[in-house]
K.L.:
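One structure follows; several queries about it will come next.
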Amino acid sequence: MAEEHKHEESIMEKIAEKIHGHDNSSSSDSDDEKKASSIKTKIYRLFGREKPVHKVFGGGKPADIFLWRNKKVSGGVLGAATLSWILFELLQYNLLTLFGHISILALAVLFLWSSATTFIHKTPPHIPEVHIPEEVVLQLASGLRIEINRGFTLLRNIALGRDLKKFLMVVAGLWVLSKVGSSCNFLTLIYIATVLLFTVPVLYEKYEDKVDDFGEKAMKEIKKQYAVLDEKVLSKVMSKIPRGAFNKKKD
């Protein structure tokens with residue numbers, strides 16, 4: 001009986017040791033997870049981005065085109081934009097004239113080809129049905145709607161005087177846009193925006209860590225300079241503005 005009692009005690013001790021070891025391992029795993037999560041939260045992303053670049057562009061086919069997941073389609077779109085800019089800007093071609101000439105040439109070639117096949121007893125040319133996918137259009141329209149609504153909300157908050165920093169940034173951006181618009185026409189501006197849209201995101205995705213590190217340093221310096229500007233200039237200007245003037249008039 002004594003030996004059986006000792007055997008039972010040794011089994012219970014082993015079970016207790018296993019439970020204790022499991023608790024230690026689980027606690028260490030939880031500590032490691034907390035450390036990993038804290039490290040992840042410390043990573044700076046440009047413009048406060050939390051999603052991958054592909055998700056920022058809405059995911060799906062539009063994001064694949066902008067980020068060159070499908071190189072043939074992306075190259076085709078960028079090539080078509082470049083060709084259009086050369087024709088309309090450099091060669092001063094008119095849009096309606098170009099569309100009319102291309103349509104006449106294409107229809108004439110296809111008509112003659114189809115007519116010739118009936119005389120030589122061959123199959124007519126296969127002309128595929130061209131249609132724009134509804135899903136792609138809806139994704140583009142949805143993403144564009146969201147961004148436009150964000151812009152309207154931002155402009156409304158700035159107009160209400162809620163954020164002086166954003167007001168100064170928007171004014172500076174509009175001033176730069178006016179300078180760029182005065183040096184080139186609207187078509188060139190659209191082409192530049194298209195080229196940037198097809199180059200900057202894919203380069204940023206490739207060198208994401210380096211760009212984010214540089215952006216973090218730049219934002220720290222900008223905040224430091226803004227704090228100096230706010231202390232020396234903006235705070236004094238805002239203190240001189242009588243905020244209760246309208247309330248007094250109402251009373």
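Fair warning: this is a prediction, and the values are worked out from it, not measured in the lab.
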K.L.:
What verdict does the side-chain contact (heavy atoms from CB on, under 4.5 Å) test give for Lys166 and Leu154, after you've listed the backbone C-alpha separation in whole Å, the side-chain angles of each residue and the deciding distance to 0.1 Å?
P.N.:
CA-CA 9 Å; Lys166 289 182 179 179; Leu154 177 64; 3.5 Å; yes
K.L.:
At their closest point, which heavy atom of Ser74 faces which heavy atom of Ile65, and how far apart are they?
P.N.:
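It is OG-O, 2.5 Å.
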K.L.:
Hey, does Thr194 have a side-chain heavy atom less than 4.5 Å from the side chain of Val77?
P.N.:
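Answer no - side chains too far apart.
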K.L.:
Considering only heavy atoms from C-beta outward, does the side chain of Leu78 approach that of Trp68 to under 4.5 Å?
P.N.:
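Yes, close enough: below the 4.5 Å cut-off.
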K.L.:
Quick check: do Gln92 and Leu87 have side-chain heavy atoms less than 4.5 Å from each other?
P.N.:
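A side-chain contact under 4.5 Å is absent here.
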K.L.:
Roughly how far, to the nearest 0.5 Å, is the CD atom of Glu221 from the CD atom of Glu216?
P.N.:
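With rounding to 0.5 Å, CD (Glu216) is 13.0 Å from CD (Glu221).
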K.L.:
Check residues 97-104 and write down every donor-acceptor pair under 3.5 Å in which the side-chain atom is one partner and the other belongs to a residue at least two apart or another chain.
P.N.:
from   : atom 1 : to    : atom 2 : distance (Å)
His101 : ND1    : Tyr93 : OH     : 3.1
Ser103 : OG     : Phe99 : O      : 2.8

K.L.:
Hey, quick one: are Leu168 and Val228 part of the same hydrophobic cluster, counting side-chain heavy atoms closer than 4.5 Å, chains of contacts allowed?
P.N.:
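Each belongs to a different hydrophobic cluster.
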K.L.:
Would you say the side chain of Ile192 lies within less than 4.5 Å of the side chain of Val195, judging by non-hydrogen atoms?
P.N.:
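The answer is no, as the side chains (C-beta and beyond) never meet within the 4.5 Å cut-off.
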K.L.:
Same hydrophobic cluster for Leu83 and Leu197, using side-chain heavy-atom links shorter than 4.5 Å among ILVMFWY?
P.N.:
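Yes.
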K.L.:
Determine, stepwise, if the pair Val73 / Lys61 fulfils side-chain contact (heavy atoms from CB on, under 4.5 Å).
P.N.:
CA-CA 10 Å; Val73 177; Lys61 293 182 180 179; over 6 Å; no
K.L.:
Indicate if Phe88 and Ile190 have the same hydrophobic cluster label, given that clusters are the connected sets of ILVMFWY residues with side-chain heavy-atom separations under 4.5 angstrom.
P.N.:
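Result: no, two separate clusters.
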K.L.:
Determine whether Ile158 and Leu174 fall in the same hydrophobic cluster, where Ile, Leu, Val, Met, Phe, Trp and Tyr are linked whenever their side-chain heavy atoms lie under 4.5 Å apart.
P.N.:
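The answer is yes; both residues are in one hydrophobic cluster.
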K.L.:
Any heavy-atom pair between the side chains of Lys72 and Asn70 that's under 4.5 Å?
P.N.:
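Sidechains of Lys72 and Asn70: in contact.
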K.L.:
How long is the span from the CD atom in Glu89 to the CG atom in Leu187, to the nearest 0.5 Å?
P.N.:
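So the gap between those two atoms works out to 5.5 Å.
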K.L.:
Will you find, in the side chains of Tyr191 and Thr82, an N or O donor that is under 3.5 Å from an N or O acceptor?
P.N.:
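Short answer, yes.
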K.L.:
Let me check something: any side-chain donor-acceptor pairs from residues 107-117 under 3.5 Å, sequence neighbours excluded? List them with distances.
P.N.:
from   : atom 1 : to     : atom 2 : distance (Å)
Ser114 : OG     : Leu110 : O      : 2.9
Ser115 : OG     : Phe111 : O      : 2.9
Thr117 : OG1    : Ser114 : O      : 2.6

K.L.:
Less than 4.5 Å apart, any side-chain heavy atom of Asp209 and any of Asp213?
P.N.:
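Of all side-chain heavy-atom pairs linking Asp213 with Asp209, none is under 4.5 Å.
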K.L.:
Could you label the plane-to-plane angle of the Phe198 and Phe66 rings as parallel, tilted or perpendicular, counting under 30° as parallel and over 60° as perpendicular?
P.N.:
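Because their plane-to-plane angle is over 60°, the rings of Phe198 and Phe66 count as perpendicular.
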K.L.:
Are Phe186 and Leu196 connected in the hydrophobic side-chain network, where two residues link if heavy atoms are under 4.5 Å apart?
P.N.:
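Unlinked, Phe186 and Leu196 end up in two clusters.
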K.L.:
Between Val53 and Val202, does a side-chain contact (heavy atoms from CB on, under 4.5 Å) hold up when you go through it step by step?
P.N.:
CA-CA 9 Å; Val53 181; Val202 67; over 6 Å; no
K.L.:
With a 3.5 Å cut-off and sequence neighbours excluded, list the donor-acceptor pairs that the side chains of residues 128-144 form with protein atoms.
P.N.:
from   : atom 1 : to     : atom 2 : distance (Å)
Glu135 : OE2    : Gln139 : NE2    : 3.4

K.L.:
Mind checking whether His54 and Leu67 have side chains closer than 4.5 Å, heavy atoms only?
P.N.:
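Yes. Closest side-chain heavy atoms under 4.5 Å.
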